[in-house]
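Chain identifiers are assigned alphabetically (A, B, ...) following the order of the sequence lines, protein sequences preceding nucleic acid strands; residue numbering begins at 1 within each chain.
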There are 2 protein chains.
Amino acid sequence: MKKELFGICPYVTSQKILTGKWSIYILYLLSRGPVRFNELQRRLPEEMTHATLSRQLKQLEEEGLIIRHEYEQIPPKVEYSLSEIGEKFETVLDALENWGNDYIQWLQKTKSNE
Amino acid sequence: MKKELFGICPYVTSQKILTGKWSIYILYLLSRGPVRFNELQRRLPEEMTHATLSRQLKQLEEEGLIIRHEYEQIPPKVEYSLSEIGEKFETVLDALENWGNDYIQWLQKTKSNE
DNA sequence: CAGGATCCCCACAGATACTG
DNA sequence: CAGTATCTGTGGGGATCCTG
């Protein structure tokens with residue numbers, strides 16, 4: 001029998017959500033307010049294509065973290081924003097930002113010592 | 001020119017560290033104190049083989065998050081523990097645990113409504 | 001503008017066998 | 001006990017082309 005811990009263990013569950021290569025960055029960008037599709041892509045590193053962005057957004061939407069709001073107009077306008085449970089993720093983002101910066105500093109100290 | 005954000009942006013850098021399928025769970029287990037290799041495997045979900053665990057540990061060690069301490073004895077004994085920068089990650093783990101539990105609750109509420 | 005459809009490709013997890 | 005070596009399969013990202 002396989003132990004399926006998704007939906008049971010908070011760590012395994014979180015890890016699953018964060019699998020996407022850009023998930024954290026996307027959530028961070030959306031945490032600062034709703035953003036349109038193209039604008040989102042512009043703010044992401046260049047190597048990410050819109051096809052990839054599209055997939056990641058759809059996944060995050062299916063997981064319930066973000067909301068897709070489509071304005072019925074020509075030309076099309078679609079805004080993405082955090083859902084309620086997505087907004088709660090901001091505490092994780094804050095912790096990640098702090099730790100990430102610490103880690104970057106540590107990296108530089110280490111590199112300069114060799 | 002490619003924007004390489006690893007080592008610059010805290011979010012991209014964090015994401016990179018967390019790529020491994022079990023990284024968060026491993027860091028959590030180690031946050032409770034040093035653990036030996038086999039014990040670590042026993043506490044992880046069954047589907048993970050020791051080959052996979054070995055690779056993940058080596059990666060985390062190379063990234064500087066964990067420390068491998070080998071006791072010179074027969075039979076061998078190796079303990080893994082968090083490094084200094086690894087211990088700082090615990091604030092992220094706490095945030096993840098809280099959010100993960102919230103998300104699990106949210107999942108169940110959502111599921112029961114359909 | 002905001003995507004969908006395809007194809008390709010590879011990193012990485014899993015399985016198995018072997019070792020000091 | 002604590003690994004390494006090797007093979008294999010697959011999911012997911014990148015690239016390119018097409019569309020309402």
Check the pair B:Glu39 / B:Arg36 against salt bridge (Lys or Arg N to Asp or Glu O under 4.0 Å), numbers first and verdict last. CA-CA 5 Å; B:Glu39 181 60 22; B:Arg36 296 177 63 171; over 6 Å; no
Audit row: B:Leu27, B:Ile66, side-chain contact (heavy atoms from CB on, under 4.5 Å) steps and yes/no: CA-CA 8 Å; B:Leu27 290 172; B:Ile66 68 177; 4.0 Å; yes
Check step by step if side-chain contact (heavy atoms from CB on, under 4.5 Å) holds for A:Ile8 and A:Thr13. CA-CA 7 Å; A:Ile8 297 174; A:Thr13 307; over 6 Å; no
Does B:Lys58 form a side-chain contact (heavy atoms from CB on, under 4.5 Å) with B:Glu62? I'd like the steps, not just the answer. CA-CA 6 Å; B:Lys58 193 183 278 184; B:Glu62 284 169 3; 3.8 Å; yes
List the steps and the verdict of side-chain contact (heavy atoms from CB on, under 4.5 Å) for B:Tyr103 and A:Ser14. CA-CA 9 Å; B:Tyr103 182 71; A:Ser14 300; over 6 Å; no
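Residue B:Tyr80 places at least one side-chain N or O under 4.0 Å from the OP1 or OP2 atom of D:dG3.
If you walk DNA chain C from 5' to 3' and mark each nucleotide with an atom closer than 4.0 Å to a heavy atom of chain B, the marks span C:dA13 to C:dG20.
A donor-acceptor contact shorter than 3.5 Å links the side chain of B:Ser83 to the backbone of B:Gly64. Listed for the A:Thr91 side chain is no donor-acceptor partner under 3.5 Å among the backbone atoms of B:Ala95. Although no hydrogens or angles enter the test, the distance criterion places no donor-acceptor pair under 3.5 Å between the side chain of A:Ser54 and the main chain of A:His50. No donor-acceptor distance shorter than 3.5 angstrom exists from the side chain of B:Thr52 to the backbone of B:Met48, with no hydrogens or angles considered. Of the possible polar contacts, none joining the A:Trp22 side chain to the A:Leu44 backbone as a donor-acceptor pair under 3.5 Å is found.
Near-neighbour residues of DNA chain D inside residues 10-31 of chain B, defined by a heavy atom below 4.0 Å, are absent. For DNA chain D, the residues of residues 60-74 of chain B within the heavy-atom distance limit of 4.0 Å (strictly under) are B:Arg68, sorted by number.
For B:Gln15 and A:Ser23, the side-chain atoms include at least one donor-acceptor pair closer than 3.5 Å.
The distance from atom CG of B:Leu40 to atom P of D:dA2 is 10 Å, rounded to the nearest whole Å. Summarising the geometry, the separation between NZ on B:Lys58 and P on D:dA2 is reported as 16 Å, rounded to the nearest angstrom. The interatomic distance linking A:Gln59 (CD) with D:dG11 (C1') rounds to 11 Å, in whole Å. Across the protein-nucleic acid pair, B:Arg42 atom CZ and D:dG3 atom P stand 13 Å apart, rounded to whole Å. As rounded to whole Å, 16 Å separates atom P of D:dG12 from atom CG of A:Leu57.
In the helix from C:dC1-D:dG20 to C:dG20-D:dC1, the end axes, each obtained as the rotation axis mapping the C1' atoms of four pairs onto the next four within a five-pair block, lie 50° apart to the nearest 10 degrees.
Atom CG of A:Leu30 is separated from atom CD of A:Glu90 by 10.0 Å, given to the nearest 0.5 angstrom.
Contact check on B:Arg68 versus B:Glu70 returns a salt bridge, with a Lys/Arg side-chain nitrogen under 4.0 Å from an Asp/Glu carboxylate oxygen.
A:Ile26 and B:Leu5 fall within a single hydrophobic cluster, where Ile, Leu, Val, Met, Phe, Trp and Tyr are joined by side-chain heavy atoms under 4.5 Å apart, directly or via other members.
Ring geometry, A:Tyr28 versus A:Tyr25: the interplanar angle exceeds 60°, so the pair is classed perpendicular (tilted spans 30 to 60°).
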Spell out protein contact along nucleotides 15-20 of chain D as letters: B when the base is contacted, S when just the sugar-phosphate is, - when no protein heavy atom is under 4.0 Å; keep the 5' to 3' order. BBB--B
Which donor-acceptor pairs under 3.5 Å do side chains of residues 72-80 of chain A form with protein atoms, sequence neighbours excluded?
{"from": "A:Gln73", "atom 1": "NE2", "to": "A:Pro75", "atom 2": "O", "distance (Å)": "3.4"}
{"from": "A:Glu79", "atom 1": "OE1", "to": "A:Tyr71", "atom 2": "OH", "distance (Å)": "3.2"}

